[in-house]
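Take a look at the structure below.
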2 protein chains.
Amino acid sequence: MPRPRQSDIAKLAGVSQATVSVVLGGNRSGLRMAERTRLRVLAAAEQLGYVPDPVATRLASRHNSLLGVYTFKRTFPTNVADSYYPILVGVEEEAAALGQDLVLFTGARDHDAAELRRTRIADGCLFFGRHVPADAVAPLVADGFPLVYIGRRDEPGIPYVGADYVTASAAVVRRLVGLGHREIRYLREPDEAPSSADRERGVLDAAREAGLDVGVVRTDGPAPVRRWVEQGVTAVVVEETDTSAAYLSVRRAVEQAGLSVPHDLSLAVLGQPPDEDPAVTGFQVPRYEMGRAAVRLLVDLVTGVVTPDSPQAHRLLPCTPVPGRSVGAPNTANRQGT
Amino acid sequence: MPRPRQSDIAKLAGVSQATVSVVLGGNRSGLRMAERTRLRVLAAAEQLGYVPDPVATRLASRHNSLLGVYTFKRTFPTNVADSYYPILVGVEEEAAALGQDLVLFTGARDHDAAELRRTRIADGCLFFGRHVPADAVAPLVADGFPLVYIGRRDEPGIPYVGADYVTASAAVVRRLVGLGHREIRYLREPDEAPSSADRERGVLDAAREAGLDVGVVRTDGPAPVRRWVEQGVTAVVVEETDTSAAYLSVRRAVEQAGLSVPHDLSLAVLGQPPDEDPAVTGFQVPRYEMGRAAVRLLVDLVTGVVTPDSPQAHRLLPCTPVPGRSVGAPNTANRQGT
DNA sequence: CTGAAAGCGCTTACAG
DNA sequence: CTGAAAGCGCTTACAG
């Protein structure tokens, strides 16, 4: 037995299919309608177990309580400690709270325009990933398809929910400066992304503020921590991305050099280390809240409450500082010894 | 400028809209068609930058390429070590491979018929969970809606992909018997489910085969391990469910009794302990493969390749034995000492 | 108050 | 070979 259509309900209730549509749609246009008729239609729908076809609904109007989730990696990460997993949890909870179902767009090999187009069966779509091919997304944006990026974007008119890395990163450097550090290195991965640019900007802002010249080192190789210490460096700040490459590199180098943290060297991470070690000084990215906020924004975009270029469509959530124990006052003895 | 549609291409190429559809669809039905016409249409489409509307395509072609995933818990578990997480990974990968998108039905309310009915927006649906309210699912089954349970079901005509707990559990007991154990206890949780029944059956089958009377103990309280050992029990087999209640209870009891495993007592788990400790004797449930197989089966059901009551619609996947080190020969000294 | 009609952008028979 | 038509299941004007 095929699933029931509105026409089936209409037949059963003795009304027209259009009337069924009006009733089931909650009579948004405020048509006058006999209560009896309304109840009769509702009862028939219940009896038949009616469920609207999302595709037809979407074609005829533009609303099916379906939100897309497009990830540029697997949605269910094999590595469950994956950095965007908590975001997904927030997304799911908020979607559930707002009565929206989620469509996972996965299996995308080339993330080209044709691939991204599939998202249009949803009312709007969330995009995940450090790198999102802007040109592939452009057609969607141009057509006014509601979408929200997780993570800040440079492109104007593109809504996003990100983390305020500038402020959080600056705070980390200010703390080091406050402890007396003057020779600080910032190690970041060569990979370019808005979130990386923001962290670097925060570091440089705080350095300039203190009249310091923090050396920014880009590398995907081993970190020359030992040499830095010999040169008088007392603190190292490390970028944290979803691969943790830079942080892991520094941690290894520190171990191999036999350095004691924070005695010989203060170490801070711009984010949280992969094992979420609270002993490491850094900050927490509000991933869960980002997920929730992104869904709320997307729904507001879909319903037209918010427009893509309004300020509300560009949100940066504050990060929570993690004091840790990997940062201390600079070891003057060390410094003089070099 | 609005997006071009097939009718725009048709106008430009001087053909009908239907012809455009045929050409762009790759002429699946193998209609005869002038190559010149084909090229003209293609050129026009290219010139206008045509992009098919996925919603209209799906409506017209009568299938959504949408597979439902209905979980009776959160889809993105807060506890990422959750036992069905690997299944989800398999589901996602196979869905991706088959070009199917996934709709997550969440919202965790009462799982009644009305709630489950929402799944019908998908072409078919996967159901997760130890307990699935059979009566709520019945209407879907009756309507011929394609669905697949994860885990064996008793209800005839309901497709499932589960694990072969009978065989795997029997193998565990046979191994103990082979090592010389004669006094064996089986501890299981009181909770009833097909997967629990299968494990118990495997245990009892192997026991009968060996002419032994394995005592089956149902409890959700502390396990009286110490007393068992005093009574001459040399091996304990424990059920493993998604809560791990029984296993954790036994482990605690063994520790408190100061027993040494496997010296004083052999310990085997019918599954894998929560921390996936390979030192514990048991077996691995092929969760990842179950996820993949379930999606394949669901797609076959949707396309009609397989019918719900055929043997192929009821699959039990083999579990992989985990030898472990928690099982050894019975300690005769202990036995005599009591 | 309710029905008939048009149309969303496609696919798929079915006539020529 | 190609066009005209019907129809996928809905929503939204527009007549009564």
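These values consider heavy atoms only, across backbone and side chains, with no hydrogens, waters or symmetry-generated copies. Here is how names work: the chains are called A, B, and so on, in the same order as the sequence lines, proteins then strands, and each is numbered from 1.
One can place CZ of B:Arg58 at 19 Å from C1' of C:dT12, the figure rounded to the nearest angstrom. In this structure, CG of B:Leu59 is placed 12 Å from P of C:dC10, rounded to the nearest angstrom. Taking atom NZ of residue A:Lys11 and atom P of nucleotide C:dG3, one finds them 14 Å apart after rounding to whole Å. The CD1 atom of A:Ile121 sits 16 Å away from the P atom of D:dG9 (whole-angstrom rounding). Nucleotide D:dC1 holds its C1' atom 13 Å from the CZ atom of B:Arg36, rounded to whole Å. In this structure, the CZ atom of A:Arg40 is 11 Å from the C1' atom of C:dT2, given to the nearest Å. Taking atom CD on B:Gln6 and atom P on C:dT12, their separation rounds to 11 Å, with Å as the unit. Look at CG on A:Asp8: it is 9 Å from P on D:dG9, rounded to the nearest Å.
Using a 4.0 Å cut-off on heavy atoms, the residues of residues 14-24 of chain B that approach DNA chain D are B:Gly14, B:Val15, B:Ser16, B:Ala18, B:Thr19, listed by number.
For DNA chain C, the stems formed by at least three consecutive Watson-Crick or G-U pairs, with both atom-pair distances below 3.5 Å, span C:1-3 with D:14-16, C:5-12 with D:5-12, C:14-16 with D:1-3.
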Stepwise side-chain contact (heavy atoms from CB on, under 4.5 Å) test for A:Leu88 and A:Phe128: CA-CA 10 Å; A:Leu88 253 11; A:Phe128 279 70; 3.5 Å; yes
Worked check of side-chain contact (heavy atoms from CB on, under 4.5 Å) between A:Arg40 and A:Val15: CA-CA 9 Å; A:Arg40 201 149 23 97; A:Val15 297; 4.3 Å; yes
Stepwise side-chain contact (heavy atoms from CB on, under 4.5 Å) test for B:Leu102 and B:Val91: CA-CA 9 Å; B:Leu102 259 20; B:Val91 166; 4.1 Å; yes
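Of all nucleotides listed (C:dC1, D:dT11, D:dC8), D:dT11 comes nearest to the side chain of A:Ala60. Closest contact between the side chain of B:Thr57 and the listed nucleotides C:dC1, D:dC10, C:dC10 involves C:dC10.
The side-chain heavy atoms of A:Leu12 and A:Asp8, taken from C-beta on, include no pair separated by under 4.5 Å.
With respect to the salt-bridge test (charged N to carboxylate O, under 4.0 angstrom), the residues A:Glu289 and A:Arg296 qualify. Checked for salt-bridge contact, B:Asp101 and B:Arg58 meet the test: a charged N lies under 4.0 Å from a carboxylate O.
Mapping B:Arg38 and B:Ser61 onto DNA chain D by nearest heavy atom places B:Arg38 closer to the 5' end of the strand.
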With a 3.5 Å cut-off and sequence neighbours excluded, list the donor-acceptor pairs that the side chains of residues 144-160 of chain B form with protein atoms.
unit_1	atom_1	unit_2	atom_2	d
B:Arg152	NE	B:Asp198	OD1	3.2
B:Arg152	NE	B:Asp198	OD2	2.7
B:Arg152	NH1	B:Asp154	OD1	2.9
B:Arg152	NH2	B:Asp154	OD1	3.4
B:Arg152	NH2	B:Asp198	OD1	2.8
B:Arg153	NH2	B:Arg130	O	3.0

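When every heavy atom of B:Leu24 is checked against every heavy atom of B:Ala45, the shortest pair comes out as CD2-CB, 4.1 Å.
By the 6.0 Å contact criterion, CD on B:Glu35 is enclosed, its count of non-hydrogen atoms from other residues, nucleotides or ligands being greater than 12.
Residue contacts shown for A:Thr37 are limited to sugar-phosphate atoms, with no base heavy atom under 4.0 Å away.
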